[in-house]
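When a residue number appears, it is its place in the shown sequence, counting from 1.
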Amino acid sequence: MATQIDKEACREAYNQVRDDTTDTNWAAFKYEGSMIVPAGVGTDYEDFKRMCTDDTRLFVFIRITTGDAMSKRAKFTLITWIGENISGLQRAKISTDKALVKDIVQNFAKEFMISDPRELDEDYIRTELLPLGERARQDGEDTGLKGNAHTNHTHFTFKVKSSEGILL
């Protein structure tokens with residue numbers, strides 16, 4: 001039987017996560033037979049992680065807040081969770097069924113397919129959502145980019161190393 005999705009219920013859960021006036025930061029979608037339905041919404045990242053067991057297949061839409069005290073931004077991600085005990089046929093169906101979910105969950109920065117619970121670490125997901133330059137700054141690396149905050153335009157200088165490792 002072809003998989004279907006409860007569009008209205010899933011769209012409502014998705015919109016709760018997207019809504020800036022709520023604290024909801026995740027919505028999970030599960031299989032009930034051949035139907036994809038909301039599995040829950042919540043405000044605690046750990047609550048959704050507990051749903052990711054070896055016997056489940058889930059699609060999870062998550063809001064992660066990035067930035068600092070001066071500039072906070074919401075980033076969104078779609079995680080496809082496939083538990084270790086999921087059969088090969090069910091694993092294969094996930095890729096086609098994901099298209100149904102993506103008809104509703106349309107706005108996200110990055111997508112993950114995860115089977116290992118360690119990859120669900122919130123800090124790992126947050127770091128993966130950051131732009132490369134911001135990621136490097138958080139790691140303490142010198143990116144070589146210097147902005148000029150005194151104008152409306154940002155000017156950048158780049159540090160370049162030659163093949164001998166000499167800073168140019």
Side-chain angles (χ1 to χ4, degrees), residues 1-139 143:
M1 178 178 239
T3 304
Q4 297 178 344
I5 189 165
D6 183 342
K7 287 184 181 182
E8 291 308 312
C10 290
R11 187 171 288 116
E12 184 178 321
Y14 166 74
N15 286 333
Q16 282 183 34
V17 177
R18 298 267 319 152
D19 187 346
D20 291 333
T21 64
T22 73
D23 290 333
T24 303
N25 60 14
W26 62 265
F29 310 100
K30 67 179 181 178
Y31 288 85
E32 276 187 3
S34 62
M35 179 75 78
I36 297 173
V37 299
V41 296
T43 59
D44 185 352
Y45 191 87
E46 294 300 314
D47 287 343
F48 114 75
K49 281 177 57 176
R50 282 190 282 281
M51 298 172 74
C52 299
T53 65
D54 286 341
D55 299 317
T56 59
R57 299 177 291 166
L58 292 172
F59 301 98
V60 187
F61 180 65
I62 301 172
R63 169 198 292 261
I64 302 255
T65 303
T66 64
D68 54 28
M70 298 294 289
S71 174
K72 294 201 180 283
R73 294 174 296 286
K75 298 277 188 169
F76 298 93
T77 186
L78 177 63
I79 295 176
T80 302
W81 168 260
I82 305 171
E84 289 295 320
N85 296 337
I86 299 301
S87 73
L89 182 59
Q90 288 178 327
R91 286 175 183 270
K93 276 186 62 60
I94 286 227
S95 60
T96 55
D97 294 347
K98 191 186 306 184
L100 297 170
V101 174
K102 285 183 172 181
D103 282 343
I104 294 163
V105 177
Q106 296 181 351
N107 298 306
F108 53 90
K110 192 163 185 176
E111 183 177 347
F112 298 88
M113 185 172 285
I114 299 176
S115 295
D116 184 342
R118 293 173 296 194
E119 293 178 24
L120 291 171
D121 179 71
E122 186 174 7
D123 289 334
Y124 168 75
I125 300 293
R126 177 177 281 104
T127 300
E128 288 297 309
L129 289 172
L130 294 175
L132 207 49
E134 194 172 333
R135 222 184 289 175
R137 282 190 298 281
Q138 281 199 349
D139 290 341
T143 61

### Message
Suppose we call two aromatic rings close when their centres sit under 6.0 Å apart. Are F61 and F76 close by that rule?
### Response
yes
Practice problem: Just do the salt bridge (charged side-chain N to carboxylate O under 4.0 Å, His left out) check on E122 and K49 with the steps written out, would you? | Solution: CA-CA 10 Å; E122 186 174 7; K49 281 177 57 176; over 6 Å; no
Test I94 against R57 for side chain to side chain contact (heavy atoms under 4.5 Å, CB included), laying out the working first. CA-CA 8 Å; I94 286 227; R57 299 177 291 166; 3.7 Å; yes
Original post:
Under 4.5 Å between any side-chain heavy atoms of K75 and K110, yes or no?
Top reply: no
Q.
Surrounding CZ of R118 (heavy atoms of other residues, nucleotides or ligands, distance under 6.0 Å), is the total greater than 12?
A. no
All heavy atoms of I79 vs all of I62, minimum pair found to be CD1-CD1, 3.5 Å
_Looking only at the side chains, is there a donor atom on one of R63 and T65 sitting less than 3.5 Å from an acceptor on the other?_
no
Margin query: Could you check whether any side-chain heavy atom of Y14 comes within less than 4.5 Å of a side-chain heavy atom of V101, counting everything from C-beta outward?
Written below: no
| query | If only atom types and distance count, is the side chain of T127 paired as donor or acceptor with the main-chain N or O of D123 below 3.5 Å? | reply | yes
Exercise. Could you go through the side chain to side chain contact (heavy atoms under 4.5 Å, CB included) check for I114 and T80 one step at a time?
Key: CA-CA 6 Å; I114 299 176; T80 302; over 6 Å; no
Take a 6.0 Å sphere around CD of Q4 and say whether it holds more than 12 heavy atoms from other residues, nucleotides or ligands. no
Any donor and acceptor pair, going by atom type alone, linking the side chain of R91 with main-chain N or O of I86 inside 3.5 Å?
-> yes
- Task: Using a 4.5 Å cut-off on heavy atoms from C-beta on, say whether the side chain of T56 contacts that of W81.
- Result: yes
> Taking atom types as modelled and ignoring hydrogens, do the side chains of D19 and T21 form a donor-acceptor contact shorter than 3.5 angstrom?
Replying inline: yes
Side chain to side chain donor-acceptor pair (under 3.5 Å) pairs touching residues 22-45, sequence neighbours excluded, are Y31-D97
* For L78 and V60, what are the C-alpha separation, side-chain angles and deciding distance, and is it a side chain to side chain contact (heavy atoms under 4.5 Å, CB included)? -> CA-CA 6 Å; L78 177 63; V60 187; 6.0 Å; no
Query raised in the report: Are the side chain of S115 and the backbone of E84 linked by a donor-acceptor contact shorter than 3.5 Å?
Result: no
When every non-hydrogen atom of A27 is compared with those of V41, the smallest separation belongs to CB-CG1, 3.8 Å
Between K102 and E111 the two heavy atoms that sit nearest each other are NZ-OE1, 2.9 Å
In terms of heavy-atom contacts, I36 and F29 come closest through CG2-CB, 3.9 Å
Scanning both residues in full, the closest heavy-atom pair of L58 with C52 reads CD1-SG, 4.0 Å
Closest non-hydrogen atoms of K93 and T96, given as atom of the first, atom of the second and distance, are O-OG1, 3.0 Å
Distance col, row L120:CG vs E46:CD, nearest 0.5 angstrom, shows 9.5 Å
message: Can you see whether T66 engages K72 through a side-chain donor-acceptor pair at a distance of less than 3.5 angstrom?
response: no
